[in-house]
Amino acid sequence: QVQLVESGGGLVQAGESLRLSCAASGRTFSSYSMAWFRQAPGKEREFVATITRSGLNTDYAASVKGRFTISRDNAKNTVYLQMNSLKSEDTAVYYCAAGTYGTTRPLYDYWGQGTQVTVSS
């Protein structure tokens, strides 16, 4: 079992940056690939970024590539999402997830409760 708690969301202006954190409980954090998904009002939850257990490989949605960076610190049981050059269309609830490396929701077994990111233009 893994419990995930996101933090770092908030209200920012377009063009600004935010860093999200996701703290995991348990001693098996490094056994899981980690990912960030997001869900805007009235839309499906969509993939944002993923990182392998070691942190050596990452993948991103086309809409965030070059602006967002996923990273992890296995010693701290934490995964991060650095978000730069934020746009209004990035407004959503952001969820972290633990599971198997990939871009689809069914690959991930554990989910956090989400953190709201609002970008005003």
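For the numbers below, each heavy atom of this structure counts, side chains included, while hydrogens, waters and symmetry mates do not. The first residue in the sequence is number 1, and the count goes up from there.
Hydrophobic clustering, with ILVMFWY side chains joined whenever heavy atoms are under 4.5 angstrom apart, groups Ile70 together with Tyr110. Residues Phe47 and Leu107 fall within the same hydrophobic cluster, defined by Ile, Leu, Val, Met, Phe, Trp and Tyr side chains chained together at heavy-atom separations under 4.5 Å. Both Leu81 and Val64 are members of a single hydrophobic cluster when ILVMFWY side chains are connected at heavy-atom separations under 4.5 Å.
By the 6.0 Å contact criterion, CZ on Arg53 is open, its count of non-hydrogen atoms from other residues, nucleotides or ligands being 12 or less. The environment of CD in Glu46 is crowded: more than 12 heavy-atom neighbours from other residues, nucleotides or ligands sit within 6.0 Å.
Qualifying ring pair (Phe, Tyr, Trp, His ring centres under 6.0 Å) partners for Phe29, counting only residues two or more places apart in sequence or in other chains: none. Checked against ring pair (Phe, Tyr, Trp, His ring centres under 6.0 Å), Tyr101 has no partners two or more places apart in sequence or in another chain.
With Glu6 contributing its side chain and Gly114 its backbone, the two residues share a donor-acceptor pair below 3.5 Å. The main-chain N or O of Arg67 is never found under 3.5 Å from a side-chain atom of Ser85 such that the two would form a donor-acceptor pair. Judged by distance alone, with hydrogens and angles left aside, the side-chain atoms of Thr91 form a donor-acceptor pair with the main-chain N or O of Val119 at under 3.5 Å. With hydrogens and angles ignored, the 3.5 Å screen pairs no side-chain donor or acceptor of Ser30 with any backbone N or O of Asn74.
Taking CG of Leu86 as the start and OG of Ser120 as the end, the distance is 10.5 Å to the nearest 0.5 Å. One distance of note links OG1 of Thr69 with OH of Tyr80; it measures 14.0 Å at 0.5 Å rounding. Considering CG of Leu4 and OG1 of Thr78, their distance stands at 10.5 Å, rounded to 0.5 Å. In this structure, the separation between SG on Cys96 and CZ on Arg72 is 10.5 Å, given to the nearest 0.5 Å. Residue Asp90 holds its CG atom at 10.0 Å from CG of Leu18, rounded to the nearest 0.5 Å. How far CG of Asn77 is from CE of Met34: 9.5 Å, rounded to the nearest 0.5 Å.
Applying ring-ring contact (aromatic ring centres under 6.0 Å, His included) to Trp111 and the options Phe37, Tyr94, Tyr32 leaves one that passes, Phe37. Screening Arg105, Arg38, Gln39 for a side-chain contact (heavy atoms from CB on, under 4.5 Å) with Tyr95, the sole residue that qualifies is Gln39.
Contact detail for Ser121 and Ala14: the closest heavy-atom pair is CA-CB, 4.3 Å. Between Ala49 and Tyr60, the closest heavy-atom pair is CB-CD2, 3.6 Å. In terms of heavy-atom proximity, Ala92 sits nearest to Ala40 at CB-N, 3.8 Å.
The side-chain heavy atoms of Phe68 and Trp36, taken from C-beta on, include no pair separated by under 4.5 Å. Met83 is not listed as a side-chain neighbour of Val12, based on a closest heavy-atom distance of 4.5 Å or more. Looking only at side-chain heavy atoms (C-beta outward), Gln116 and Leu11 stay at 4.5 Å or farther from each other. Under the 4.5 Å side-chain criterion, counting only non-hydrogen atoms from C-beta, Thr100 is not in contact with Ser33.
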